[in-house]
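Down below is the structure, laid out as structure tokens.
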Number of protein chains: 2
Amino acid sequence: MEDGVSAKELREIIRQLERKLGILEKNEMGCCGVSFAQCHAIVEIGRGKKVSLNLLADSLGLDSSTMSRTVNNLVNNGLVQRELDPEDRRYVTIQLTESGKKVFQHIEETMNNYFLGVWERIPTDKRAQILESFQILLTAFQ
Amino acid sequence: MEDGVSAKELREIIRQLERKLGILEKNEMGCCGVSFAQCHAIVEIGRGKKVSLNLLADSLGLDSSTMSRTVNNLVNNGLVQRELDPEDRRYVTIQLTESGKKVFQHIEETMNNYFLGVWERIPTDKRAQILESFQILLTAFQ
DNA sequence: ATAAAATAGTTGCAACACACAACTACTTCT
DNA sequence: AGAAGTAGTTGTGTGTTGCAACTATTTTAT
């Protein structure tokens, strides 16, 4: 049962990573003045430029009602714009306002900086291996 | 700026992993009949056998007030026992009841099984590398 | 063409998760 | 003995979430 032991090791190490990431996100949050869920939504909207509500909900794994409210808060904060799609008026198109874009860029920058720091703390000869390992693991999660 | 590109790659891949893990946890939850926070607490209590509230709160990165309430719910569900420490009566010792232990074992089993499955889907010659990579990354997060 | 089914989104509801601040009850330090 | 410190609980407010019921619109089937 050697495999069982190693699998537990894998579980444990992922658990530790999860915790670190949790702390990271918690710290991240304070900075941009938006809540956790809002922060995620902004990143997702910013990347897609223009998205519908359900697409957004799917990509974040949330119920569309939850998404609707989160977007609503973002609209109230002036970070996001919601418009009816003239093609099919059931849809709304969601996109960042100017101040939304600023927040988005700020998040992106901070995150990229943070990861650059992490990257630089990884020994040079191990870097490629780490990226490869994550790829493999991702597919193993299927 | 090659490093910047790779660091972004790292960020992206971790993001993807986070999402997978999130989905995993969500599925996990339903099974044991306890909430997300409760599930985490049970695992932590089960591992430590006997812990104080603040220790528990620290290990999960939560405020002690939050922890107090979560434990309270677990006590109400009959999964956890709370006793005054006779040595120092400021402390409470928290431990699993018999049914709590059952839930704990069930969670452990399910998780270990899941990770065994993941482990087996990793090519044999890549396994050691993956564990090593995670270790390195963990320290790089510092 | 029109009624029925499907789809996108919103709102009412109820529960959970969480932190800060103020509190009680103990213990330790001086 | 009194002051300071520590463990835990409770009050309060915010944010997150999903389900179910609803409206508005478009597509499909008769």
Side-chain angles (χ1 to χ4, degrees), chain A residues 18-19 22-23 25-30 32-45 48 50-77 79-95, chain B residues 18-19 22-23 25-30 32-45 48 50-77 79-95:
Chain A
E18 263 188 307
R19 197 154 305 163
I23 292 166
E25 283 212 72
K26 213 172 267 182
N27 295 345
E28 213 43 54
M29 283 248 312
C32 38
V34 296
S35 75
F36 188 80
Q38 286 176 348
C39 187
H40 277 251
I42 286 175
V43 170
E44 208 60 37
I45 296 168
K50 248 188 181 184
V51 273
S52 77
L53 190 96
N54 276 348
L55 234 69
L56 202 54
D58 282 350
S59 65
L60 291 173
L62 297 172
D63 191 86
S64 62
S65 64
T66 304
M67 203 66 249
S68 175
R69 272 179 264 258
T70 301
V71 167
N72 212 34
N73 291 335
L74 288 171
V75 170
N76 289 339
N77 293 354
L79 301 174
V80 149
Q81 221 171 333
R82 192 165 32 185
E83 277 169 21
L84 275 177
D85 181 342
E87 305 283 308
D88 182 335
R89 287 166 57 211
R90 289 171 300 182
Y91 290 73
V92 293
T93 62
I94 296 161
Q95 55 187 319
Chain B
E18 262 187 308
R19 196 154 303 163
I23 293 168
E25 283 213 72
K26 212 173 266 181
N27 294 343
E28 214 43 53
M29 283 249 311
C32 38
V34 296
S35 78
F36 189 79
Q38 288 176 346
C39 187
H40 277 252
I42 286 174
V43 171
E44 210 60 36
I45 298 168
K50 248 188 182 185
V51 273
S52 77
L53 191 97
N54 276 349
L55 233 71
L56 202 55
D58 282 350
S59 66
L60 291 173
L62 296 172
D63 191 86
S64 62
S65 64
T66 305
M67 203 66 248
S68 175
R69 273 181 260 259
T70 302
V71 167
N72 212 33
N73 290 335
L74 288 172
V75 170
N76 290 339
N77 293 353
L79 301 174
V80 150
Q81 221 170 332
R82 193 166 30 185
E83 276 169 23
L84 276 177
D85 181 344
E87 304 284 308
D88 184 334
R89 285 166 56 211
R90 289 172 299 182
Y91 290 74
V92 294
T93 61
I94 297 160
Q95 55 187 320

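Below, chains carry the letters A, B, ... as their sequence lines are ordered, and counting in each starts from 1.
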For atom CG of A:Leu53 and atom C1' of C:dT7, their distance in whole Å: 13 Å
From the set D:dT6, C:dT10, C:dC18, return the single nucleotide nearest to any side-chain atom of A:Ser68. C:dT10
By the 4.0 Å heavy-atom rule, please label A:Thr70 as base, sugar-phosphate, or nothing. nothing
Would you give a per-nucleotide map of nucleotides 18-28 of chain D, 5' to 3', where B means the base has a protein non-hydrogen atom under 4.0 Å away, S means only the sugar-phosphate does, and - means neither? BBB----BS--
Under the rule for side-chain contact (heavy atoms from CB on, under 4.5 Å), what residues qualify as partners of A:Gln81, not counting sequence neighbours? A:Glu83, A:Gln95, A:Thr97
Quickly work out the A:Arg82 CZ to C:dA8 P distance and round it to whole Å. 16 Å
In this structure, how many angstroms lie between the P atom of C:dC18 and the CZ atom of A:Phe36, rounded? 10 Å
Whole angstrom is fine here: how far is it from CG in A:Asp58 over to C1' in C:dT7? 13 Å
How long is the line joining CG of A:Asn76 and P of C:dT11, in whole Å? 11 Å
Using side-chain contact (heavy atoms from CB on, under 4.5 Å) as the criterion, list what pairs up with A:Asp85, not counting sequence neighbours. A:Glu87, A:Tyr91, A:Thr93
Would you kindly give the CE-to-P distance between B:Met67 and D:dT9, to the nearest whole Å? 10 Å
Qualifying residues under side-chain contact (heavy atoms from CB on, under 4.5 Å), relative to B:Leu55, sequence neighbours excluded: B:Val51, B:Ser52
Main-chain N/O of B:Leu79 paired to B:Asn77 side chain as donor or acceptor, under 3.5 Å: no
Please give, in whole Å, the distance from D:dT9 C1' to B:Leu56 CG? 15 Å
Taking all non-hydrogen atoms of both residues, which atom of B:Gln38 and which atom of B:Asn73 are closest, and how far apart? NE2-CB, 3.2 Å
Between B:Asn54 and D:dG8, is there a contact of a side-chain N or O with OP1 or OP2 at under 4.0 Å? yes
In this structure, how many angstroms lie between the P atom of D:dG8 and the CD atom of B:Glu83, rounded? 14 Å
Listed by chain and number, what are the salt bridge (charged side-chain N to carboxylate O under 4.0 Å, His left out) partners of A:Asp88, not counting sequence neighbours? A:Arg90
Across all chains, not counting sequence neighbours, the side-chain contact (heavy atoms from CB on, under 4.5 Å) partners of B:Asp58 are none
